[in-house]
Every structure is written in C-alpha cells, then in structure tokens.
**Q** 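Got a structure here, written out as structure tokens. Questions coming.
As the structure lists them, so they are numbered: ligands from 1, and atoms in each ligand from 1. The first residue in the sequence is number 1, and the count goes up from there.
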Amino acid sequence: MGAAELIPKAPKGEKQMTNVERVCAFLDKAQTYYLATAEGDQPRVRPFGTALVYEGRLYIQTGRMKPVSRQLEKNPKAEICAFTDGVWPRACGELVDADRREPKAAMLDKMPQLKAMYSPDDHNTQVLYFKNAKATFASFTAAPETIDL
Ligand SMILES: Cc1cc2nc3c(=O)[nH]c(=O)nc-3n(C[C@H](O)[C@H](O)[C@H](O)COP(=O)(O)O)c2cc1C
C-alpha cells in the first residue's frame, strides 16, 4: 500500500475526491500544519490551520499585517507539512494572493472562529491559493507518493 492510500477518500459508491480535496481533508483532520516561507535566505515556519477548497483550489488564510504575508509577497514559494496517523504530506508550490471577496467569505464561513478577528471586507484578511503545486505523502511504512494539486 502506498502512503497516499492512507489519506482521506470518499466512501465507496460516492464521487471520488479530487487531489486538492484529499489534501484539504487531511489538513482538516490534522487540524494544524506548518507553513514554511523564505525571508531572503532565512527559512521561516509557523503553525497554520486554515484550509479550504474553493473553485478546485487549495486556499489558506492569513492577515496582511503578518510577516508571513510580506514574505509571500516577495517570494510566493512555500511549503506546508502536517502529520497525523503516521502520515505526513508536504505540499509545495506558489501561494497566490486571491484578492477576492468570495473565497474570503467562504473561508470565514468554513472557520467561523476567525470571524472574531477577520471579515471579508476588512483590509487585513488575505486568502492565498496554491499554484504549480505538488503534494508528497510519506510514511514510515510505505513508499512516498506524489500528487499534483
Ligand atoms: C494551531 C494554530 C493555527 C494557526 N493558524 C493560522 C492560520 O491559519 N493563519 C494565520 O495567519 N495564522 C495562524 N496561526 C497564527 C500564526 O502561527 C502566527 O500568527 C504566526 O506568528 C504567523 O507567522 P509570522 O509571525 O511569520 O507572520 C495559527 C496558530 C496556531 C497555534
């Protein structure tokens, strides 16, 4: 069995999930993932929890006032890593700033606890989606598997 077999799948008989949906379902299950960015030649990493599939893309959310946002503006290359149930996916690619109200509202609807701090109409809320991205699922018990996002 490959590691990707361990990631969430739609129940038998139901429509199969896309790769993006499967990665997002894993992030939801893990609850916390770690987002790495670059600040010049210095790697930066921090815990994140926001994840949403919107129009077939994997979105995350942050605040424009945060250093992470400024790092991604200068260099959109990023990697995320999560771990749960013996499996750790790493997704890497570019994070594109989607300055649109709809995905911001969808993110806050999925994660209503964010509404205490963010609104789709403020100037701080930022959602970004992965572009040119791949996710590799690894485990100690199976060969790594890479899927396109
Ligand atoms: C479990 C957990 C989940 C988090 N999820 C997010 C998130 O999805 N988006 C976000 O902007 N900050 C999130 N944070 C807060 C960031 O980790 C924190 O603001 C961090 O300092 C941002 O990185 P920076 O200082 O390099 O900008 C989360 C923190 C924790 C502990």
**Q** Give every residue pair that meets the side chain to side chain donor-acceptor pair (under 3.5 Å) criterion with at least one member in residues 49-60, sequence neighbours excluded.
**A**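 Listed once each, the pairs are Glu55-Arg100.
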**Q** Are Trp88 and Tyr33 an aromatic pair by the rule of ring centers under 6.0 Å?
**A**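 For Trp88 and Tyr33, the ring centres are not under 6.0 Å apart.
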**Q** Quick check: do Val23 and Phe137 have side-chain heavy atoms less than 4.5 Å from each other?
**A**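 With C-beta onward as the side chain, the pair touches.
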**Q** Heavy-atom distance under 4.5 Å between the side chains of Tyr118 and Asp122, does that happen here?
**A**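 Touching, per the 4.5 Å side-chain cut-off.
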**Q** Suppose we screen for salt bridge (charged side-chain N to carboxylate O under 4.0 Å, His left out). Which residues come up paired with Asp97, at least two apart in sequence or across chains?
**A**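 If we apply the salt bridge (charged side-chain N to carboxylate O under 4.0 Å, His left out) test to Asp97, skipping adjacent residues, the hits are Arg64.
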**Q** Could I get the full list of side chain to side chain donor-acceptor pair (under 3.5 Å) partners for Thr84, not counting sequence neighbours?
**A**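 So Thr84 forms no side chain to side chain donor-acceptor pair (under 3.5 Å) with any residue.
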**Q** Please tabulate, one line per pair, the protein nitrogen or oxygen atoms found under 3.5 angstrom from a nitrogen or oxygen of ligand 1, with distances to 0.1 Å, or say none if there are no such pairs.
**A**
residue  : atom   : partner : partner atom : Å
ligand 1 : 5 (N)  : Gly49   : N            : 2.9
ligand 1 : 8 (O)  : Gly49   : N            : 3.1
ligand 1 : 8 (O)  : Thr50   : N            : 3.0
ligand 1 : 8 (O)  : Thr50   : OG1          : 2.7
ligand 1 : 9 (N)  : Gln61   : O            : 2.9
ligand 1 : 11 (O) : Thr62   : OG1          : 2.7
ligand 1 : 11 (O) : Lys66   : NZ           : 3.0
ligand 1 : 12 (N) : Lys66   : NZ           : 2.9
ligand 1 : 14 (N) : Pro47   : O            : 3.4
ligand 1 : 17 (O) : Pro47   : O            : 2.7
ligand 1 : 19 (O) : Lys66   : NZ           : 2.7
ligand 1 : 23 (O) : Arg46   : NE           : 3.0
ligand 1 : 26 (O) : Arg46   : NE           : 3.2
ligand 1 : 26 (O) : Arg46   : NH2          : 2.7
ligand 1 : 27 (O) : Pro67   : N            : 3.3
ligand 1 : 27 (O) : Val68   : N            : 2.8

